[in-house]
Number of protein chains: 2
Amino acid sequence: MRAEPLDAETIVSATEEVLRRYGPEKATVLDVARMLGVSHGSVYRHFPSKVALREAVIRRWLDRVREDLAATAEDARLTPPDRLRRLLTAMFTAKWTKAREDPELFATFRVLAREHSTVSSAHVAHLLDQIRAIVADGIASGDFAPGDPAAIARGVLHATTRFHDPAHATAWHSPEVDADAENVVSLLFQGLRAR
Amino acid sequence: MRAEPLDAETIVSATEEVLRRYGPEKATVLDVARMLGVSHGSVYRHFPSKVALREAVIRRWLDRVREDLAATAEDARLTPPDRLRRLLTAMFTAKWTKAREDPELFATFRVLAREHSTVSSAHVAHLLDQIRAIVADGIASGDFAPGDPAAIARGVLHATTRFHDPAHATAWHSPEVDADAENVVSLLFQGLRAR
DNA sequence: GAGCTGACAGATTTCAATAATTGTCAGCCA
DNA sequence: TGGCTGACAATTATTGAAATCTGTCAGCTC
């Protein structure tokens, strides 16, 4: 028996650690239980399956990313174009640094995100909505040319796929990424701007 | 002995057929030789290694794509913006239809292209140059706003990554791809246009 | 002798046995 | 009684011996 009662949060943290250590294909529920000094049956008391456990890990991870991004984009003192630029830049650099600093862990999350596409597409939907709101603000303020904010937001996210989609993580190691991203973003902003 | 002497072109064709039938991980040099009714030693007379043979397949493949694209983009009666739009659209639909009609073969191609990145990056370089030339024309004719054609070409290709990079082939099965691509392209053209 | 064959060594892949993991649940114990 | 354990069936992964493949080359054949 453990000193403190086992809870979901503790299990998720242990799972994250096990995933970091062994990688997505080697990490087992038994490993998680061992790390917690508990039998694997106890883990199944809190999570119905291995899949659900992994889903919880990725959900928490994405929630944290979302919190970080929300902070950068909600500075009301900035103009909508600046806010959008900030949001995009923050999104890119957050991913790039994670992919560069801990490629193993990043690859792990990539695998998990693929397996649990529901969770990650909810994340994308949220991101899309954030962009849409800023674009709508920008159109209202006259900074951006008129148009459908939802369609524009979708276009912006799609056009920057190369810089935020983990499928392109290998390209992020090149020193040119920075300039390439800036290049695409300014091309987009040239189109967005009111004239 | 075969009726006609064995040549590289015949071997490449047979390899393509074997790849189509068995997929990239199952296809062997022995299979190619069997299909040609020849010993595998004869294949090694024309190609130094299995890798070189596969490289030849992908090179021919990409050359054919390039020929097709060149035809669409070199119509001198069209304005540069129209030519660029055509080139992009042709590039997208060529890949989409291939990925949709023969997913097995496309996946094979994808694996080979990954393994032989030199060949495919040469292809990208050529594509980039084609776009650059059209952009330069467009700037000269006053259709496009002034700027560095090479940088703009790079931006255009990067911004449309999602619609031409095989990493996103699964997304191409969605019926929205068409509208999404059109959305991004028009966003880009809005920025490119002279004002 | 140009073009091809097939035996060969070393590397890689397959396959079946063996082991480990996932998920369930009756019972233990604080 | 709520939380945990550990034995268990079903599934999945590991392993290593056997089979196959890659690449070379001496020699055959036309």
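A straight line from CZ of A:R34 to C1' of D:dT5 spans 16 Å, rounded to a whole angstrom. The OH atom of B:Y44 sits 5 Å away from the C1' atom of D:dG23 (whole-angstrom rounding). Rounded to whole Å, atom P of D:dT22 lies 8 Å from atom CZ of B:R54. Here the P atom of nucleotide D:dA13 and the OH atom of A:Y22 are 18 Å apart, to the nearest Å. The separation between B:I11 atom CD1 and C:dG3 atom C1' is 12 Å, rounded to whole Å. Protein atom CG of B:D31 is 7 Å distant from nucleotide atom P of D:dC21, rounded to whole Å. Taking atom CZ of A:F47 as the reference point, atom C1' of C:dT22 lies 16 Å away to the nearest angstrom. D:dC4 atom C1' lies 7 Å from atom CZ of A:R45, rounded to whole Å.
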Show the distances under 3.5 angstrom between N or O atoms of the protein and N or O atoms of nucleotides 7-17 of chain C.
residue, atom, partner, partner atom, Å
C:dT14, OP1, B:K26, NZ, 2.7

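Of the listed residues (B:V177, B:L187, B:V184, B:T160), just one forms a side-chain contact (heavy atoms from CB on, under 4.5 Å) with A:H158, and that residue is B:V184. Of the listed residues (B:V29, B:T15, B:V32, B:V12), just one forms a side-chain contact (heavy atoms from CB on, under 4.5 Å) with B:F47, and that residue is B:V12.
For A:R154, the salt bridge (charged side-chain N to carboxylate O under 4.0 Å, His left out) test picks out B:E176, B:D180, with sequence neighbours left out.
When distances are taken from the side chain of B:S42 to each of D:dG6, D:dC21, C:dC4, the shortest belongs to C:dC4. Minimum atom distance to the side chain of B:L30 is reached by D:dC21, of the listed D:dC21, D:dT5, C:dT21. For A:H46, counting side-chain heavy atoms from C-beta on, the closest listed nucleotide (C:dT5, D:dC4, D:dC21) is D:dC4. The A:K50 side chain lies nearest to C:dT22 when the options are C:dT22, D:dG6, D:dG23.
Under a 4.0 Å N-O distance rule, the pair A:R162/B:D165 does not qualify as a salt bridge. Salt bridge A:E182/A:R85: present, at least one basic N to carboxylate O contact under 4.0 Å.
Within the nucleic acid shown, A:S39 comes within 4.0 Å of at least one base atom, counting heavy atoms only.
In this structure, B:E9 and B:R60 have side chains that are in contact, with non-hydrogen atoms separated by less than 4.5 Å.
Nearest heavy atoms, A:I134 versus A:F144: O-CE1, 4.4 Å.
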